[in-house]
Amino acid sequence: MSVNTEPKLSTARLVARLGLVVVAMFGFGYVMVPIYDVFCDITGLNGKTSDEVATAPVIVDTSRTVTVEFDATLNEYMQWEFAPEVHKVTVHPGELKTVNYRVRNRMDQDVNGQAVPSVAPGQAAEYLKKTECFCFTQQTLKAGEVRDMPVTFFIDPALPDDVHVVSLSYTFFDLAKLASHP
Amino acid sequence: MSEATTHDAHDHHDHGPAKGLMRWVTTTNHKDIGTLYLLFSLLMFFVGGAMAMVIRAELFAPGMQIVDPYFFNQMTTNHALIMIFGAVMPAFVGLANWLLPMMIGAPDMALPRMNNWSFWILPFAFSMLIGTLFMDGGAPAAGWTIYPPLVLQTGDAFPFMIFAIHMMGISSVMGAINVIATILNMRAPGMTLMKMPLFVWTWLITAYLLIAVMPVLAGAVTMLLTDKYFHTSFFTAAGGGDPVMYQHIFWFFGHPEVYILILPAFGIVSQIIPTFARKQLFGYSSMVYATASIAFLSFIVWAHHMFTVGMPVAGELFFMYATMLIAVPTGVKVFNWVSTMWKGSMTFETPMLFALGFVVLFTIGGFSGLMLAIAPSDFQYHDTYFVVAHFHYVLVTGAIYAIMAGTYYWLPKWTGHMYNETLGKWHFWLSTITVNILFFPQHFLGLAGMPRRIPDYSVQFAEFNMISSIGGFAFGLSQLMFAYIVISTIRGGKKASDQVWDGAKGLEWTLPSPPPYHSFTEAPEVK
C-alpha cells in the first residue's frame with residue numbers, strides 16, 4: 001500500500017478497538033435489564049407493585065375517594081377459573097380493604113400457579129400497598145379445588161390528586177408449563 | 001461484468017480474476033464482493049417482493065380468499081426481515097464495497113478476507129430464514145419486531161430465525177468494521193476527512209451506528225432464545241420479567257437501524273444531484289454535521305415506537321420533542337439538495353430522476369413521520385396502515401429509490417456499458433406513478449383506522465385497498481424492468497466513457513470504465 005500519510009492507529013489496533021465496542025454493546029443490551037428494573041422501581045413505569053408486605057396505614061384521608069377496579073387474566077396455558085368477587089370498590093386513601101378472588105382448578109391434577117400483579121396507570125403502582133396478597137407466594141390447587149384468595153390493600157394518601165381510578169390486574173401463570181412451551 | 005473486467009484489464013502490474021466459479025467463492029477483491037452483494041440484494045428484493053404480492057393479493061378484497069391468516073402473518077414478517085436485512089442493507093454494503101476504495105483512492109478494502117466472509121455468511125443466513133417456511137409450524141409470524149410473548153409461540157422455526165438474525169448481525173458488523181478501517185486508514189494522500197465525497201461520510205457514520213446497535217439486537221434475540229429454551233425470564237412476567245422491556249431493547253436497536261437504512265441513501269443522492277445540476281453540492285460541511293446529528297439523535301428517540309405502552313407523560317413529551325428535533329438536520333439536508341439544484345444546468349437522466357423522486361417522496365415520508373411523532377395523535381395512528389404508508393415512503397421511495405438511482409449512476413462505470421436510457425426513464429415513471437397508487441391510499445386507510453398485519457378488513461376499506469393492490473401489482477411488475485435493464489447492461493451495450501456523466505466529479509470517474517480489476521495500486525494525487 002502506498003499511502004504515505006501514516007494513519008494514527010494501525011489497522012490491527014483499530015479493528016481490535018472496534019471489536020471491543022461490539023462486545024461492549026452486546027453487554028450493554030444485557031445491562032439494560034437491571035437498569036430497566038431500577039428505573040421502573042423509581043418511576044413505577046411498568047406498573048409493577050411492590051412484593052413487600054406493607055404495614056397498615058395510620059391516617060385515612062376522608063376528603064376524597066378513589067375507585068379501585070379488579071381484573072383477572074389467565075396465562076395461555078393456565079386451566080383455572082379466576083375472577084374477583086367484586087369488580088370495583090370505592091375507598092378513601094389510607095382505608096384498609098380486603099377483596100377476594102375466587103379460583104378453581106379445572107384440571108384433574110394439582111397445579112402450581114403464580115399470580116403476577118400489574119397496576120394501571122403505572123404511576124399509581126407505588127401507591128397501591130398490600131398488607132396481604134395471594135400473589136406474594138406460589139399457590140398450589142389440588143385437582144378440582146376451589147379457593148377464595150384474599151388481597152388486603154390500601155391506597156397511600158400520597159397518591160397524586162389527579163388519579164381517581166386505579167386498576168389492579170392479576171395474571172395467573174402455570175409454573176410447570178411456563179419454562180418449556182409445548 | 002466479470003467478462004468485461006477480464007478483457008479490459010490490460011495493466012501490466014495487474015492480474016485479472018481467477019477463472020471459473022471458485023473465483024466468486026474465494027474472491028477478496030472489493031469489486032467482486034460488491035457485485036456479489038448487489039446481485040444477492042437484487043435476488044432478495046424479488047423474494048421479498050413476491051411476499052408483498054401475496055399480501056396485496058389477499059388484501060385486494062375484504063374477506064379471506066387466498067391464504068390463511070397465519071400464513072399471511074408469515075408473509076408480513078418475512079417480507080420485512082428479507083427487505084431490511086436481505087435487500088436494503090446488502091445493497092448499501094455492495095455499493096460501499098464497489099465505491100469506497102475508488103472514491104478515496106485506495107487499492108481495496110482494508111480487510112479483504114473478512115470482506116469475503118461478511119458476504120458469504122448472508123446466503124446461509126437467508127437460506128435458514130426462508131427455509132423456515134417449509135417447517136412444522138411455518139415461518140416466524142410475529143412481525144419483524146418479534147415481540148414476546150407472541151414470538152415465543154413460534155414453532156420449530158424459532159431457533160432458525162434467531163440464528164439467522166445472529167448471522168445477519170455478524171455479517172453487517174464485520175462489514176461495518178471493514179468500512180471504518182478502510183475510510184480511516186486507506187485514504188489517498190491529500191484526501192482529508194472534509195474532502196471525502198458525501199457517500200463516504202454517510203457510510204462512515206452508518207458503520208458506527210451498525211457496530212453500536214447490531215450487538216444490542218443480538219443480545220435481545222439471545223434473551224428470547226434463553227427465555228424459550230433455558231428457563232430465563234427476561235420477558236416473562238411470571239418469572240419477574242417484563243415484555244415491555246423487550247420493546248425498549250428492540251427499539252434501542254430499531255431506531256438507529258432505520259437511519260442505517262437511510263443515511264447511505266442520503267449519501268448517494270448527494271453524489272448524484274450535483275452531477276446533474278452541474279454545480280457543487282450546496283453546504284457540504286452542513287451535510288456532514290447534519291448526518292452526524294441525525295445519527296446521534298437516533299439513540300435517544302426509541303420510545304416513540306411505543307407511545308401506547310403506558311409511559312408517564314414526561315417520557316412521552318421527551319421522546320416526542322427529541323423525535324421532532326430530527327426534522328431539523330433532515331430539513332437541512334433537503335434544503336441543501338434543493339439549493340444545489342437552484343440555478344443549476346439540470347438534465348434529467350434516469351439517476352437524476354430517481355434522485356429527484358427520492359427528494360420529493362422521501363420528504364412526504366418524513367412529514368408523515370412528524371405526524372406520528374406527535375404523541376397524542378400517535379394513539380390514533382399507532383399500528384394502523386398510516387404507519388405502513390409512512391415507512392414505505394421512507395424505505396421504498398427513500399432507501400430503494402436511492403439504491404436504484406445509484407445503480408443507474410454507477411452501472412456504466414462498473415460495466416463499461418451505458419444502460420438503455422429510454423427503458424430507464426420508463427422504469428422511473430412507471431415506478432413513481434405505481435408506487436404512489438400503492439402507498440398513498442394507505443395513509444387514508446390508516447387515518448380511518450385500518451389496523452396493520454391483519455389479513456381481513458371491514459368493508460368500508462375495500463376501495464382504497466383495491467386501488468393500493470392494483471398499484472402494488474403494477475409496481476412489482478415494473479421492477480422486472482429494472483432487473484432486465486441491469487442484466488442487459490452487464491451483458492453489453494454502448495461503450496461508456498471514463499467520466500460517463502459530463503458533470504461527474506470524484507476519483508472514481510478518473511478510472512477507466514470498467515475499472516481494472518485492481519485500481520489505485522498507486523495512490524492518486526488529491527488536490
Side-chain angles (χ1 to χ4, degrees), chain A residues 1-33 35-37 39-40 43-48 51 75-76 78 113-118 120-123 138 171-175 177-182, chain B residues 105-108 110-111 114 149 152-153 173 176-178 180-182 184-192 207-208 211-220 222-223 228-231 233-234 236-242 244-245 248-249 252-253 309-315 520-523:
Chain A
M1 197 175 80
S2 54
V3 175
N4 40 20
T5 46
E6 277 303 312
K8 281 201 193 90
L9 275 175
S10 76
T11 300
R13 294 191 64 177
L14 178 66
V15 171
R17 285 190 188 187
L18 294 172
L20 215 62
V21 174
V22 172
V23 174
M25 287 310 292
F26 185 77
F28 177 73
Y30 278 84
V31 173
M32 279 168 90
V33 177
I35 293 176
Y36 179 76
D37 282 344
F39 194 72
C40 289
T43 59
L45 190 70
N46 56 358
K48 274 189 191 167
D51 287 340
N75 187 239
E76 57 183 321
M78 192 60 154
Q114 170 72 55
V116 176
S118 174
Q123 299 97 299
Q138 296 179 8
T171 304
F172 245 117
F173 291 83
D174 182 341
L175 286 172
K177 297 238 177 80
L178 193 70
S180 54
H181 297 295
Chain B
D108 205 307
L111 308 153
M114 194 166 88
L152 298 175
Q153 297 175 9
V173 163
I177 290 177
N178 212 341
I180 297 174
T182 307
L184 293 187
N185 279 1
M186 307 267 290
R187 298 193 310 281
M191 178 64 80
T192 58
Y208 276 108
I211 62 165
V213 300
M214 288 310 287
V216 175
L217 174 69
T222 308
M223 290 181 214
K228 188 164 165 78
Y229 295 112
F230 301 103
H231 305 242
S233 291
F234 288 106
T236 316
D242 187 346
V244 174
M245 182 177 71
H248 283 286
I249 301 176
F252 183 84
F253 146 80
V309 296
M311 259 184 284
V313 175
F520 292 132
T521 42
E522 305 262 329

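Computation of the quantities below employed the complete heavy-atom set of this structure, encompassing side-chain atoms and omitting hydrogens, waters and symmetry-equivalent molecules. The structure presented is a predicted model; accordingly, all values stated were derived computationally and were not measured.
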Closest non-hydrogen contact found for B:Ile180 with A:Leu14 is O-CD2, 4.3 Å
Honestly, the part of B:Phe253 sitting under 4.5 Å from a heavy atom of chain A is neither
Heavy-atom nearest pair, A:Val15 first then B:Ala181, reads CG2-CB, 4.3 Å
Of the listed A:Val21, A:Val33, A:Val23, the one with the largest count of heavy-atom pairs under 4.5 Å with chain B is A:Val33
Residue from B:Ala106, B:Ala212, B:Gly240, B:Ala110 scoring the most non-hydrogen pairs under 4.5 Å with chain A is B:Ala212
Rounded to the nearest 0.5 Å, the CD1 atom of B:Ile177 sits from the OG1 atom of A:Thr11 at a distance of 12.5 Å
If one checks every heavy atom of B:Thr222 against chain A at 4.5 Å, the contacting part turns out to be both
From the list B:Met311, B:His248, B:Met223, the residue making the most non-hydrogen contacts under 4.5 Å with chain A is B:Met223
Bottom line for B:Ala237: the part with an atom under 4.5 Å from chain A's heavy atoms is both
The interface call for B:Leu111 against chain A, heavy-atom contacts under 4.5 Å, is side chain
So, the part of A:Tyr30 with a heavy atom under 4.5 Å from chain B: the answer is both
When the 4.5 angstrom heavy-atom criterion is applied to B:Met214 and chain A, the contacting part is neither
Scanning both residues in full, the closest heavy-atom pair of B:Met245 with A:Met32 reads SD-O, 4.5 Å
